[in-house]
Amino acid sequence: TRRQTTAQNTNTMATTMNAIADAIQPSALEALLTQTLADEAGLNDVAEGFKPILAYVASLASNQCVAETFHMFEWEKTCKAYLTPILADEEKCAAVTKKFMDESEKRVPKREVELDIPEGEGEILCNVEFKLAYGGKILLNTTHFHVRRGRIYGLLGHNGCGKSTLMRAISSGALAGFPGAEELMKLRACFVDHDIDGSDANTPTIDFCLQEPVLAPLGREKIREKLLEMEFTEELINKPICNLSGGWKMKLALARAVLLNADLLLLDEPTNHLDVQKQQWLCDFLTGPQCEHVTTLVVSHDSKFLNKVLSDVIHYENMRLKRYTGNLDQFVEQCPMAKAYFSIHDTEMKFTFPVPGPLEGVKSRTKAILQAKNITFTYPTAEEKALGPSCKTRSGKPTLEDVSVQVSQASRIACIGPNGAGKSTLVKIINGELTPRRGAVRPHGHLKMTKFTQHFEDVLDFTKTPLQWFMDRYPDCTREDARKWLGRYGTSGIVQQQTMSQLSEGQKAKVVFCHMAKQSAHILLLDEPTNALDMEMIDSLADAIKAFKGGVVLVSHDMRLISQVTEEIWIVDKGLRKYEGDIGNFKMDLRRQMKLEKEDRKGQGKKKKSPKVEPQKPPPAPSFRLDQAPPQPPARNLDALRGTAPSSYVPPGRRGDGAW
């Protein structure tokens, strides 16, 4: 009967649990450790005074067996450290610890796991069981990884759980040695991110592809055709990759993956550097015929993108991976706790940017403290760059041409435009990192600016811990002060003591924000600040910007952040023009333009140019008689754009107070 069967199953389970308990009891493991000392170190008789140490080590090992924790760096703490006074030989201690851990693991019977074979028609691409640790931290503990060909998997979990680390381990072959890993290592896996090796910085785009040994036999012409197919222009194909924007670098990495004929695409935050049109292109690319037989693994904080492309979600749960069928919305229905990854919610982490100090001659926050007039900038070609700084010739097309802007402490500016239009270049010119060919930047004599860059290696020293780096950067800070500063911006506890190369991108971003706040700047320059942030951090950043008493220039494709914090829009595309309207109007105009472009793509293949987003022109002034006073011009509501700007605002160029 069913009741008898249940009773038999219960007895079987109890017997199994007792067997496991007997095999990994401290007394049994103490005997195993004694035997291992004899086999590996030749110690046949342990002194009576050391036997309590062996009993203690065996007790710790029993706990680790129950938790199924079999990582060498953990056993070095609980076994090797205590064997040192007994053996007094580093190599023997390590050998005994390794053997003891391996033999203890064998005593823990494999749990009966119901394999989660993913749904779909494609072949099963890999079936792997593995463990993963990084920098002394266990990320995954004996988990399974099964994927099918042609499906798109989203890898989800909280910041720092090891999503990017897992993808890098797969691409580098670091999972070798686990059951099923051989078939995974045979796959052609391609890790796609926008970070191009600095040693290749001056290499033209097409030559960069030709440097790949697998791609070289394809020849220059075939590679050129593929780049043109992926919307690269002839200018971009021959441009040094150091001069490509983040969005074009991402497309270059994708083009290289397509040419490599990858079986497995590993995408780490692929939409971070893409404008709205290129984000749509990426969705079409991943779900289209070019990726029909490619398996894709994606890490992203972009919920709209994930909803469009995902077929499955792989979720980090208790240091194991669990798969859910469906896109992001369907996953959240099955796992409501995951909604926090993508929604703005109340958070205990609140940080602020300090109030900037006074500037001589500046009595109002609306007075300009930086002006750039008639700026023109052109990047050198590969040939010109090879000639060194002595070459002043610039034969290429200008990235920025005849641009004039000004920034005050009341400014809340968003720089918006397509990839490669010159947004980051403009920020670098404002910050003094690049010198324009024509025109000049005129900051206030005591102006302090601080910049958030997309590339953390330009700011941080990855060989140091956050605490070491901060104390070296600010020697006036005591250790306790440095810990408080870092903790205030989300870097606390053990993370302060980890080498920065081991931190996730989100954790590195928090260190950079702490560094920016410490400088008490008058202007914040934020170049794609949300790329590595989860929703909690984006929410905190938005609150900090809104409360800041200085100026902000923001380069971002994150419309959610832009709509929260900005009051003025600069549309950058070779030149610059100010959008006459608010962010809501801009988004509606952008949707109309994208709709027109989509209709163009559905046409008969004829290349049409979509109309540019232009502000609506004011209606013509009504006619009036010469013997009457002319009517007042229509109000343009500039105060709404400037926030707290007074109605008597006068451009600084017309003032007579000697500030410039």
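In this chain, residues are counted from 1 in sequence order.
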Discussion item. Once ring-ring contact (aromatic ring centres under 6.0 Å, His included) is applied, what residue pairs with a partner in residues 243-269 remain, sequence neighbours excluded?
Written reply: Phe232-Trp248

Worksheet, complete the sentence: Contacts satisfying ring-ring contact (aromatic ring centres under 6.0 Å, His included) that involve residues 411-434 (not counting sequence neighbours) are none

Worksheet item: How many angstroms lie between atom CD1 of Ile571 and atom NZ of Lys578, to the nearest 0.5 angstrom?
Response: 12.5 Å

Worksheet item: For Arg412 and Gly551, which heavy atoms make the closest approach, and how far apart are they?
Response: NH1-CA, 3.9 Å

Worksheet item: If you look at every heavy atom in Asp472 and Lys464, which pair is closest and at what distance?
Response: OD2-NZ, 2.7 Å

Worksheet entry | Trp570 and Val403, any side-chain heavy atoms less than 4.5 Å apart | no

Practice prompt. Take the angle between the ring planes of His515 and Trp469 and call it parallel below 30°, perpendicular above 60°, tilted in between.
Written response: perpendicular

Worksheet item: With a 4.5 Å limit on heavy-atom distance, are the side chains of Leu524 and Thr450 in contact?
Response: yes

Practice prompt. Using a cut-off of 6.0 Å, state whether more than 12 heavy atoms not belonging to Arg437 lie near its atom CZ.
Written response: yes

Worksheet entry | Aromatic ring pairing Phe285/Trp281, orientation class (parallel under 30°, perpendicular over 60°, tilted between) | parallel

Worksheet item: Quick one: does Ile430's side chain get under 4.5 Å of Ile523's, heavy atoms only?
Response: no

Worksheet item: Closest heavy-atom contact between Cys415 and Leu426?
Response: SG-CD2, 4.4 Å

Worksheet entry | NZ/NE/NH1/NH2 to OD/OE distance under 4.0 Å, Glu225 and Lys222 | no

Discussion item. The criterion is salt bridge (Lys or Arg N to Asp or Glu O under 4.0 Å); which residues satisfy it with Lys508, sequence neighbours excluded?
Written reply: Glu505

Discussion item. Testing the 3.5 Å rule here: is there a donor-acceptor pair between the side chains of Asp207 and Gln211?
Written reply: no

